[in-house]
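Since we're looking at a predicted model, the values are computed, not measured. Computation of the quantities below employed the complete heavy-atom set of this structure, encompassing side-chain atoms and omitting hydrogens, waters and symmetry-equivalent molecules. Protein chains get the first letters and strands the later ones, always in sequence-line order, with residue 1 at the start of each.
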Number of protein chains: 2
Amino acid sequence: MHYTELIKTIKARREVLQVTQETVAELSGVGLRTLKQFESGKGNPTLLTLHKIADVLGMEVSLTIKNITTNK
Amino acid sequence: MHYTELIKTIKARREVLQVTQETVAELSGVGLRTLKQFESGKGNPTLLTLHKIADVLGMEVSLTIKNITTNK
DNA sequence: CTGTATAGTGCATTATATGGCTCTTTTACT
DNA sequence: AGTAAAAGAGCCATATAATGCACTATACAG
């Protein structure tokens with residue numbers, strides 16, 4: 001999953017759940033500024049930050065093995 | 001995926017591939033110190049750092065929706 | 001057009017991740 | 001046991017993530 005995809009995923013998920021950045025910030029304990037920065041593609045969040053955000057959105061960060069047979 | 005699981009996953013993957021931290025550090029461009037810190041559970045890597053590490057191990061960072069029906 | 005809610009940005013400060021160097025500890029092999 | 005490779009840890013300088021505040025931009029309802 002590319003960086004931009006991660007962002008899109010988060011944004012999309014947030015929109016599906018109909019919650020504002022402000023709400024996510026409050027619920028997750030992540031600063032609103034940080035969340036805004038991340039969603040607007042400006043940031044490089046730490047794993048902890050990403051985790052907190054994903055968490056309140058009912059998502060989780062995971063590591064998966066890339067498909068080798070990726071026929072580019 | 002919990003933080004400790006992420007670490008375990010990385011370590012396990014690295015061991016399966018039989019590569020040392022040093023090699024991963026060199027190939028990924030991540031500092032050896034940083035990698036050591038992460039694998040020993042001391043760090044809180046940025047998404048970019050995690051991505052670089054996962055990349056050389058043939059893995060990728062992704063966001064997945066938590067299973068709601070998690071019957072705890 | 002006007003107000004309101006939500007999202008994005010500039011600036012400054014603080015906290016912390018990164019990474020090199022060196023040393024210690026652990027692991028693995030003969 | 002002895003040795004070497006690999007992993008972990010302390011010290012420390014630098015880069016940058018996190019955060020608040022204030023302001024701007026955008027979208028939308030009335």
Let's see if you get this right: which residues in residues 16-30 of chain A place a heavy atom under 4.0 Å from DNA chain C? A/T20, A/Q21
Name the atoms and distances for all side-chain donor-acceptor pairs under 3.5 Å in residues 42-49 of chain A, with sequence neighbours left out.
unit_1: A/N44; atom_1: OD1; unit_2: B/L47; atom_2: N; d: 3.4
unit_1: A/N44; atom_1: OD1; unit_2: B/L48; atom_2: N; d: 3.0
unit_1: A/N44; atom_1: ND2; unit_2: B/T46; atom_2: OG1; d: 3.2
unit_1: A/T46; atom_1: OG1; unit_2: A/T49; atom_2: N; d: 3.3
unit_1: A/T46; atom_1: OG1; unit_2: A/T49; atom_2: OG1; d: 3.1
unit_1: A/T46; atom_1: OG1; unit_2: B/N44; atom_2: ND2; d: 3.2

Check every nucleotide of DNA chain C for an atom under 4.0 Å from a heavy-atom of chain B, then give the first and the last such nucleotide from 5' to 3'. C/dA17 to C/dC21
hydrophobic_cluster_shared for A/V56 and A/V61, side chain cutoff 4.5 Å: yes
According to salt bridge (charged side-chain N to carboxylate O under 4.0 Å, His left out), who are the partners of B/E39, at least two apart in sequence or on a separate chain? B/R14
Distance-minimising heavy-atom pair for A/A25 and A/G31: CB-C, 4.3 Å
Side chains of A/K11 and A/I7: closer than 4.5 Å at any heavy-atom pair? yes
same_hphob_cluster(A/I10, A/M1) at 4.5 Å side-chain heavy-atom cutoff: yes
Rounded (10°) bend between the five-pair end axes of the helix from C/dC1-D/dG30 to C/dT30-D/dA1: 60°
Would you say the side chain of B/R13 lies within less than 4.5 Å of the side chain of A/I65, judging by non-hydrogen atoms? yes
Validation row: B/T9, B/M59 side chains within 4.5 angstrom (heavy atoms): yes
Can you list every pair that meets side-chain hydrogen bond (donor to acceptor under 3.5 Å, both in side chains) and has a residue in residues 22-34 of chain B, with sequence neighbours left out? B/T20-B/T23
Numerically ordered, the residues 33-45 of chain B set in heavy-atom contact under 4.0 Å with DNA chain D is B/R33, B/K36, B/S40, B/K42
Pick base, sugar-phosphate or nothing for A/K11, based on heavy-atom distances below 4.0 Å to the nucleic acid. sugar-phosphate
Any heavy-atom pair between the side chains of B/V16 and B/L57 that's under 4.5 Å? no
Mark yes when over 12 heavy atoms from residues, nucleotides or ligands other than A/E15 sit less than 6.0 Å from its CD; otherwise mark no. yes
Could you give the start and end, 5' to 3', of the contact zone on DNA chain D for chain A, using atoms under 4.0 Å from its heavy atoms? D/dA17 to D/dC21
Of all pairs that satisfy salt bridge (Lys or Arg N to Asp or Glu O under 4.0 Å), the ones with a partner from residues 44-58 of chain B, not counting sequence neighbours: A/K66-B/D55
In one Ile/Leu/Val/Met/Phe/Trp/Tyr side-chain cluster, 4.5 Å: A/L27, A/L32: no
Below 30° counts as parallel, above 60° as perpendicular, anything between as tilted: where do the rings of A/F38 and A/Y3 land? perpendicular
Could you grab the distance from atom NE2 of B/H2 to atom OG of A/S62, nearest 0.5 Å is fine? 13.5 Å
